[in-house]
Amino acid sequence: MTTPQEENFMRKISAEEKIEPKDWMPDAYRKNLIRQISQHAHSEVIGMQPEGNWLTRAPSLRRKAILLSKIQDEAGHGLYLYSACETLGISRSEMIEQLQSGAAKYSSIFNYPTLTWADVGAIGWLVDGAAIVNQVSLQRTSYGPYSRGMIRICKEESFHQRQGYEAMLALAKGSEGQKAMAQDALNRFYWPALMMFGPHDSESAHSQKSMEWKIKRETNDDLRQKFVDQTVKQIEVLGLEHPDKNIKWNEERGHYDSSDLNWDEFWSVINGNGHCNRQRVEHHVAAHDEGEWVRDAITAYNEKKRAKNAQHAA
Amino acid sequence: MTTPQEENFMRKISAEEKIEPKDWMPDAYRKNLIRQISQHAHSEVIGMQPEGNWLTRAPSLRRKAILLSKIQDEAGHGLYLYSACETLGISRSEMIEQLQSGAAKYSSIFNYPTLTWADVGAIGWLVDGAAIVNQVSLQRTSYGPYSRGMIRICKEESFHQRQGYEAMLALAKGSEGQKAMAQDALNRFYWPALMMFGPHDSESAHSQKSMEWKIKRETNDDLRQKFVDQTVKQIEVLGLEHPDKNIKWNEERGHYDSSDLNWDEFWSVINGNGHCNRQRVEHHVAAHDEGEWVRDAITAYNEKKRAKNAQHAA
Amino acid sequence: MSDQIKQATQEYATRLGDDSVVLGHRISEWVSYGPFLEEDIAYGNVALDYIGRARMFYTYAAELADDGRDEDDFAYMRNDREYRNLLLMELPKGDFAYSQVRQLFADVYYALMLPELLQSKDETLSAIAAKAIKETKYHLRRSRDWVLRLGDGTEESHQRAQKAVDQLWGYTHELFDMDETEQLLADAGIGVDVAGLRDRWLEMVSVILTEATLTVPEDSWAVRGGRIGNHTENLGHMLTEMQIVHRSHPGCKW
Amino acid sequence: MSDQIKQATQEYATRLGDDSVVLGHRISEWVSYGPFLEEDIAYGNVALDYIGRARMFYTYAAELADDGRDEDDFAYMRNDREYRNLLLMELPKGDFAYSQVRQLFADVYYALMLPELLQSKDETLSAIAAKAIKETKYHLRRSRDWVLRLGDGTEESHQRAQKAVDQLWGYTHELFDMDETEQLLADAGIGVDVAGLRDRWLEMVSVILTEATLTVPEDSWAVRGGRIGNHTENLGHMLTEMQIVHRSHPGCKW
């Protein structure tokens, strides 16, 4: 039995109308969205750390400025997504609590360490690149605020990806040492980037319902294939070796065939065996806790001002 | 009117007998010694910081080991001198309080920053060198525990001085960059090292009484002259320029003449305008405060053990 | 431009570039460590402005030096004995109060100094000043707001802010020192006579600190030496980190 | 010695040198930061022992490599991707409890591993082990004492110690991993079969932790990768500091 509300909701979904905050929506839809948008927001925020790790070591002033600017954009995306998620009836501080307690996730790619300067380029190119493939598809997601957020974020992310790729190009065309650094970063980040699209469709817990509700518009495997396809040419231009020895154009499918992914490693990292799982959350908790007295000061100051203004008004 | 105690005390001093902890001594003698020995101890302890600043950056494993070993010796000297001072009826924790409150001083040389690796060599050579000139003379100081401490400490300090000089030699005979580093360190540490002997005899507040009581055995200016004389040849061997353009052998005096010292700077640094006055004390306070829970843990653990042993015994 | 003036101007641009890169680096250390996300963004903004200034000053210094060096040679290939920044800029980031009080001291300084530099007969310096003035208006509004909020916030924030003021005060005197190079350029209408800014700086800072219920310290101590390369121990550690990648790959482009 | 064995032995000596220099460096970071002066001395002692071991292992590796490199080339001219130390050694010093628990884990490991290395058919490795065994006896007595005192001290020290145990546990599994190189050397009677030490390590550590009223964690997570150069982000920062002077003056002697 579907209620008229449910019917109306599904009608909008079918008609490609956006669901807006004030609209009725099924609880599970709301929950699913909160999970996905907050995870996305947390990923932007936690993603500041692996790149921030190289902010103080960026090898030229120009690269330092670009990186600063990029990390700043990510903080901005985080803010923007937290706001979008708040329209679903959860507060930012609740979301932060969930992040810090481990109840909410962030993209597992950030559990990998950034070990060299080239990793900053690789993240911009591959990680932001994979994110864009996903986000472009999410521009058509059914929830209005999320969809509009994606449109805005995609523009900046494309910019980041170009900058990341350009940084890789400078390395790949540079000295032996630089080129080796670039190859190493590619080798380490290629596979985790593919895993960013999530498990195979057959294994994906949330996929089916998300597709029905048009929260997701394309399947994990389809998105992953797009990314695999677009990356082959980019690696060629860099003049680097493709990390996947089995990569091969399949005329019939019109796509590249590639190796099976090591899903054991994927699950292992998600389940706590990544180099940085603990570090990322501890960093966030430490900065948040250290900031408590600052937040308290603002509250106290504002209250004093309010009291003073009320006095003046009286 | 001198009491028989005073007479006996002065007789021993004249006869070059050592004063021992259990012996009667004038209050002023005791105070004077506490001031001098604790200042000496604090200097060893604070002196760990400017050298420790390069421990993690030592440019070879051999130098790293030498520096570690040297700093460890200094901590040992600090301990030894605190013990010697405790025989005069002051506790180590009281002395540490005085250091942290600023009531007790440490050698002002450690208010200068160590800016390059060569500074480690310069400190070993010049600062330890100046310290030794002073300490050799203090081996004959009238207070037994202090005198014995000086004899022991002098041996290790001579070793440090040789190592410091050897580190400078490696730089002075090295690349252009290394040689420049050595010259720069010499230029910066030469003058403060001369000032380690204290103000001119005519200006020295504590000198006269200390000489009478044979706490000090030679005057500030005499000791400083010894150091000036011995250093000329050492600079020559290094092939570096002497920082004092007026240095000149005086046949008549049998000593080198040298420039007037910039006592304004000396007093300025002592009075708080050195680069590191605040930093050194804050570092000491921070480490001490951070260690409080550790010291508490030992106390608690020992009490538990004691209670348990008492139970067993009963 | 006479050779003497040219050389002095190059030195001057280097000094101003050093001030900017060092302070910008210190601010950037806050990114992902701020008390909340908006503050990470704000810090990023301010850091970016300073890195931008450094690039303009260094590029001009490189142009005047005309010896094949570029902005990165100035930033990455000089050690702390060669850096000429004011000591205030190199002090570690400390806690949030420490960084904001330092920023207030620097922002008021630039709010006074940049309009003078705008009047410089040297067109490049004047153009850099024109851009920087706008940034500094925003910076100062921000650091002033923070110092007010921290000083007049909780007991803890007040104490932290006062401690920061006391710890930093002795490093502010150097901001107004003139040496021969700067005097020469001031006389030639190229550089700023910073000595003349002291009183106004003191007045502006005093007004803000007082409003923030903080005490303006006595001038009991002063540490100097940045302009002759006599730095605190902090700069060496900062440059170690900043320069390691660049120095580990000599002659590379990035 | 066959070429294969020789190459494996060189790699092995490098690994053991890396473990020693990295842990020695971390310990040396405590000097002048200890809770009291005696502890500064003790830390200095332990750090010295590890730096000494690193020098012996690297010197042997250099001898086997026979390509003109010396101990300092191994320590100072390789980056973190080339370092082969166990991750446990590179973690930051943390608080006093964290450092002492790490030390206990390492000391028990060496107490078991070194007597085996003493039996090595390789005389140099055996000789290094002979010297190191004596040091490790002292180290283990010390770290065991500390863990007992912290674990069974105050509420605060207990919590800190337990937190350290929990945070470090996932890095201990890697200590007992064998790869082809190590298996080859173990089979040849040259290297230690560390996999075989696991149970005894766990038993010894469990006894000490239990006496210290601390809980032995479940094996719920494990981070690996040091032996293939896949490090945490900490090592890069550590090597930055450690190598900056050496790298800034290429080819110099010190």
Side-chain angles (χ1 to χ4, degrees), chain B residues 41 44-49 51-65 67-76 78-79 82 92 96 116-117 121 167 170-171 173-175 177-178 181 283-284 286-288 290-305, chain D residues 21 24-25 27-45 47-48 51-52 54-55 58-59 70-72 74-76 95-97 100 145-146 148-158 160-161 238 241-254:
Chain B
E44 298 281 357
V45 171
I46 295 294
M48 294 165 72
Q49 290 181 38
E51 292 179 306
N53 186 36
W54 288 90
L55 201 43
T56 52
R57 292 180 284 180
S60 76
L61 292 179
R62 179 171 156 261
R63 292 286 170 205
K64 196 186 191 77
L67 184 55
L68 257 173
S69 175
K70 182 187 172 188
I71 297 175
Q72 212 188 357
D73 285 347
E74 277 155 12
L79 270 186
Y82 282 136
R92 186 160 138 201
I96 288 177
T116 74
W117 166 252
L171 297 174
K173 302 300 175 194
S175 71
Q178 287 177 307
M181 206 194 277
H283 177 136
H284 194 277
H288 191 75
E290 168 57 28
E292 192 174 357
W293 69 269
V294 180
R295 297 189 298 275
D296 289 347
I298 301 178
T299 310
Y301 178 81
N302 288 343
E303 268 164 28
K304 284 185 197 175
K305 289 297 123 174
Chain D
V21 83
H25 187 101
I27 301 168
S28 80
E29 292 175 345
W30 273 102
V31 172
S32 90
Y33 289 90
F36 41 85
L37 209 44
E38 286 81 352
E39 205 45 37
D40 278 325
I41 298 178
Y43 266 126
N45 252 324
L48 259 175
I51 300 300
R55 297 183 65 189
Y58 283 154
T59 297
D70 64 11
E71 58 179 41
D72 288 333
F74 279 79
Y76 290 94
D95 69 5
F96 191 78
Q100 290 297 355
D145 278 359
W146 268 118
L148 292 180
R149 285 187 278 184
L150 298 180
D152 198 14
T154 62
E155 182 57 30
E156 179 178 6
S157 71
H158 178 84
R160 286 181 186 250
M238 193 200 107
E241 174 127 351
M242 179 172 140
Q243 298 178 338
I244 184 71
V245 178
H246 192 95
R247 283 189 187 262
S248 295
H249 297 265
C252 286
K253 291 288 157 204
W254 302 93

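Every chain is numbered from 1 and lettered A, B, ... according to where its sequence line falls, protein lines coming before strand lines. We use all heavy atoms of the structure for the numbers below, so side chains are in, but hydrogens, waters and symmetry mates are not.
Formation of a donor-acceptor pair under 3.5 Å by the T59(D) side chain with backbone atoms of R55(D) is found in this model. The backbone N or O of T116(B) lies less than 3.5 Å from no partner atom in the side chain of R57(B), so there is not a single donor-acceptor pair. Put simply, the side chain of H284(B) never gets that close to the backbone of V45(B): no donor and acceptor are under 3.5 Å apart. Side-chain atoms of H158(D) come within 3.5 Å of backbone atoms of G151(D) as a donor-acceptor pair (strictly under, hydrogens ignored). A donor-acceptor distance shorter than 3.5 angstrom exists from the side chain of K64(B) to the backbone of L55(B), with no hydrogens or angles considered. When atom types are taken as modelled, the side chain of D40(D) and the backbone of G34(D) share a donor-acceptor pair closer than 3.5 angstrom.
When the candidates S60(B), A170(B), A65(B), G174(B) are compared by the number of heavy-atom contacts under 4.5 Å with chain D, S60(B) comes out ahead. Counting heavy-atom pairs closer than 4.5 Å to chain B, the top-ranked of the candidates L148(D), L150(D), I41(D), D70(D) is I41(D). For the set R92(B), E74(B), M181(B), the count of heavy-atom pairs under 4.5 angstrom toward chain D peaks at R92(B). Top candidate by heavy-atom pairs under 4.5 Å with chain B, chosen from E38(D), H246(D), E156(D), Q243(D), is E38(D).
In this structure, H249(D) and W254(D) have perpendicular ring planes: the angle between them is above 60°, well past the 30° mark.
Both the backbone and the side chain of N45(D) come within less than 4.5 Å of a heavy atom in chain B. Contacts between D72(D) and chain B at a heavy-atom distance below 4.5 Å involve the side chain alone, from C-beta outward. When heavy atoms are compared at a cutoff of 4.5 Å, A75(D) approaches chain B solely by way of its side chain, counted from C-beta outward. Neither the backbone nor the side chain of Y43(D) comes within contact range of chain B, judged by heavy atoms closer than 4.5 Å. Proximity to chain D involves both the backbone and the side chain of L79(B), based on heavy atoms less than 4.5 angstrom apart. For I51(D), the part lying under 4.5 angstrom from a heavy atom of chain B is the side chain only. When heavy atoms are compared at a cutoff of 4.5 Å, K305(B) approaches chain D solely by way of its side chain, counted from C-beta outward. Heavy-atom distances place no part of A42(D) under 4.5 Å from chain B, backbone and side chain included. If you measure heavy-atom distances from F96(D) to chain B, the contacts under 4.5 Å come from both the backbone and the side chain. Looking at L48(D), the atoms closer than 4.5 Å to chain B (heavy atoms on both sides) sit in the backbone and in the side chain alike. Neither the backbone nor the side chain of R247(D) comes within contact range of chain B; no heavy atom of the residue lies under 4.5 Å from a heavy atom of that chain.
Closest approach of L37(D) and G78(B) over heavy atoms only: CD2-C, 4.1 Å.
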